[in-house]
Amino acid sequence: MEFDLPLFVENLLQSLVAGLLTGALYGLMCVGLSLIFGVMRVINFAQGDFMMLGMYAAYYAFGLLGAHALLGEAADPYLAALLAGPAVFVAGVAVHRFLVSRVTGMRGAALESEGHYAQLILTLGIALVLQNGGLFVFGSAPVSISTPLSSSAWDIGPLYGDMVEIFVNQGQTYAAIIAVVVVIAFVLLMGRSRLGKSLRAAADNPEAAVYMGIDVERAHRLAFGFGCAITAIGGGLLASGSPFQPYVGLEYVIIMYAGVVLGGLGSVSGAFFGGLTIGLVQQLSTLFLPIQLQNTAIFVVFLAIVLLRPQGLFGASLRRA
Amino acid sequence: MRSPGSVRRLGFIAAFALVYALVTAFAENSYYQLILTVVPVWAVMGLAWNLFSGYSGLVSFGHAAFFGLGAYFVALAQIEWNLSPWLGIPCAGIVGGLAGLIIGLPTFRLRGHYFALAMLAYPLALLYVFEWLGYQELALPMVREHAARYMQFADHRLYAWIALALAVATMLVADRIERSRFGKSLVAIKQDEAAAEAAGIRTLEWKLRAIVLSGAVAGIAGGFYAVVLLVVTPAAVFGMLVSAQALIVTMFGGVGTLWGPVLGAVVLVPLSELLQANLGNVVPGIQGVVYGIAIIAVILLAPEGVFWKFKDILDRRRAPAAHADIVTSAGTPQTDQRPPRPEPGPTLLDVRHVSKSFGGLQAIRDVSLQVRSGEILGIIGPNGAGKTTLFNLLNGFIRPDSGSILLDGREVSGRRPYALCASGIGRTFQVVKPFRRMTVLDNVIVGAYVRARSDEEAQTLAMTALEAVGLQHAIGKLAGVLTNRELRLLELARALAGNPRILLLDETLAGLGATEVEDVTQVVRRLADRGITIVIIEHTMQAMVRLVDRFVVLDGGAVLTDGTPAEVTRDPAVVDAYLGKRWRTASA
């Protein structure tokens, strides 16, 4: 088979565009996960399922908005995705209040290995309940948010002497722009506001934060709620692109952790770029691998990242007696 | 050698097998027969998970990888090579074991959450690979003639009996492991990997053995499952629910005991299957919800599982009777007089100009000191003076940046902790971490493995060590019920069981009351009288003054001074820098 350079360039550019557009959404989701880990030092296994909740929240919000055509057919999906944020925030706060808080923070510190074991398994249980409960509540048939924009594209080209032409999906582009705006707004919130400062203080040194009069328990609850909400907005934006069902969260858990680990744990902006990179890896892998293996490529990249950074999640794993 | 305990344990397993086999014999309905077949399969999966994660404490979210590979191996081997599952299933065990080795080697570099997440990635990656290979749905071919040779039976109870036989075999293996060096080493790794390594355990080797064995058992379970269901799909054998189910039956029943997974499977599998069958149409996904709720409830209400919860309740009922026979070994009268101590021998451990810094912090700067054979050396200094860092250098947890450490004149700096333990450096830790669910004797046996060739020898060494510290009356107690004093003695015994020449004691007297301090001090002195060289760290000086032959005072990572207790307590530099003015006025 002869190597067709123009075709390869076209595919490469097309994958790059697709990678950047999905990567921006992954980046947004990673920011949510990173916030939870950064503030609470908790691995939330159910993060993908909160994203799934976000998708369904957006789906139903879109249905309601559609009836009133609030901002018009084109903008409603994005408004619906943003509305998923507050809805999942409430769910996240409730889950933290009644379940997660019992094995984290001060109470977690009293448990075996500071509660890490209990946290992993508790959030696994929450993930199972959300996935399978979702099957009952939302049904198993895949659904999607259809918008005229998701099937229209800008046509760039022809370039390179008529031989290269790429399409940029309009729906995905708006979604990516909204994702970036949400990330920037969140970074500003964390940096400037009193809330952001108290969250960062609670993350930095919970004990000292308590002495400074910060309610660490509340800070954790808000971080968990915001983390779930941000990921849910990412899910809501993703929902207008592709069909989804209640089990969709699982593979995104790996995608999100790959991004967060890549970006450096606990770093919010790092998490965004980590997620962006994972999106690029996923799309570029289709140049070399069959499309069914694009998630396998992510898992391999994820394994490579964690194996090449053996210092472990909790900073220096310097062995102390 | 059959002890009464082992007869009792095997009796329980036999009784369980008999009851289960009888129940199966009377199961007419083919649906119940299927449930009776699936319960032991998940018990075996739970046991496999428990063999690795339950004992070693490394949480695996990826046991579906082994299960799925086993299932696909059996199905493909019969389709492609006409291989009977009777042979295919044992081979699936080999496949699972190999997968364990291949996965374990790189992944053991990770710890904690990283390990758990990496383990999750393996089965999910395999799931997509098998879909891509075109194995979306593999059906085992039906065999008309000699069906039994291909494990195909008209009477479905036979499957349940085979499953039961697999479960019983796995339980027997687990029972052997639980009592052997293998199991105890894993448990020691779980309680504290650093402490285990300091006690002479080659941690990586044992973890690899555990994941290979666990992978093999899971591979067998998967292979058999393929035969039972006749159809293999990637989602059914590599899916999240497979890994989760293995973990959940174990966590629910009880971690670290062979009855845990069995109990969990017997309760949860029929429950979820029956709910799925009766309500599955109305409430799809109820199976997953049941497992999810079960695991949430267990974590919040009985974090160690139902088995241990019940055992605790039973033990508490029996406890009042047991309390009567607690004897304190502190019967010896206290004396203010120091008993005469022999002159110390030649230099055993020679620390020369050792420095160590962490990032910008110079934790140890140019420390030189000699430990002479047979002496009791006290190292004191305020918090942050570098005492524990010094110990970590001496027993190999960390390497010095510069300088050398000589044991018997030979350079030992940079050697691994288990190697240093084998050459005679034992240590205890500031924070005692015994395995609460192990008896006192088993805790100490773990420390004896570095010397012992056999389990019997380890037991003898452990008993000797326990007698030396005066804990022989408590050997059968679980470490979780010990008092603070007993825990300190337990740690001493564990370090002692490896027959060390030098014992490094890290704040052994911390957190003890006055009489307890006296008690533990006497034990330490007895050990010294037997010729063991002792180096002890404390940040309080009072208790040490009567115990040690010589002090080294550390401050800010450097040696401030050294000398006899009398000299050091009068040294104005020490008094000012470390003891403070209160001491000066109190002793004046």
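Proteins come first, then strands; the chains are lettered A, B, ... in the order of their sequence lines, and each starts at number 1.
- In this structure, a donor-acceptor pair under 3.5 Å is absent between the side chains of Arg415(B) and Asn395(B).
- No part of Leu130(A) comes within reach of chain B, as not one of its non-hydrogen atoms sits under 4.5 angstrom from that chain.
- Side chains of Tyr291(B) and Asn132(A): a donor-acceptor N/O pair is absent below 3.5 angstrom, by distance only.
- Counting only distance, with no hydrogens or angles, the side chain of Thr250(B) and the backbone of Gly46(B) share a donor-acceptor pair below 3.5 Å.
- When each of Gly133(A), Pro290(A), Ala127(A) is scored by its heavy-atom pairs under 4.5 Å with chain B, the top score falls to Pro290(A).
- Between chain B and the options Leu293(A), Leu124(A), Val300(A), the largest number of non-hydrogen pairs under 4.5 Å is found for Leu293(A).
- Heavy atoms of Ala118(B) lying under 4.5 Å from chain A belong to its backbone as well as its side chain.
- If you tally non-hydrogen atom pairs under 4.5 Å between each of Leu126(B), Thr107(B), Leu124(B), Val59(B) and chain A, the highest count goes to Leu124(B).
- Here Phe45(A) and Phe61(B) bring their ring centres to under 6.0 angstrom of each other.
- In terms of heavy-atom pairs under 4.5 Å with chain A, the best-connected choice from Val289(B), Ile295(B), Ile286(B), Val290(B) is Val289(B).
- Heavy-atom distances place the side chain of Ile248(B), and not its backbone, under 4.5 Å from chain A.
- Annotation: maximal heavy-atom pairing with chain B below 4.5 Å, among Asn295(A), Ile298(A), Leu99(A), Thr123(A), occurs at Asn295(A).
- The environment of OH in Tyr247(A) is crowded: more than 12 heavy-atom neighbours from other residues, nucleotides or ligands sit within 6.0 Å.
- Proximity to chain A (any heavy atom under 4.5 Å) is shown, for Phe391(B), by neither the backbone nor the side chain.
- Proximity to chain A (any heavy atom under 4.5 Å) is restricted, for Leu241(B), to the side chain, taken from C-beta onward.
- Of the candidates Tyr135(B), Phe130(B), Tyr128(B), Phe238(B) forms a ring pair (Phe, Tyr, Trp, His ring centres under 6.0 Å) with just one, namely Phe130(B).
- Side-chain atoms of His96(A) and Arg221(A), non-hydrogen and from C-beta on, do get closer than 4.5 Å to each other.
- Contact of the Gln119(A) side chain with the Met40(A) side chain is not registered, since no non-hydrogen atoms from C-beta on lie closer than 4.5 Å.
- In this structure, the portion of Ile254(A) lying under 4.5 Å from any heavy atom of chain B is its side chain and not its backbone.
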* To do: Run the numbers on Gln294(A) and Ser285(A) for side-chain hydrogen bond (donor to acceptor under 3.5 Å, both in side chains), then give the verdict.
  => CA-CA 6 Å; Gln294(A) 58 174 335; Ser285(A) 74; 5.1 Å; no
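- Within the 4.5 angstrom heavy-atom criterion, no atom of Leu127(B) approaches chain A.
- Listed options Ala244(B), Gly288(B), Ala116(B) were ranked by heavy-atom pairs under 4.5 angstrom with chain A; first place goes to Gly288(B).
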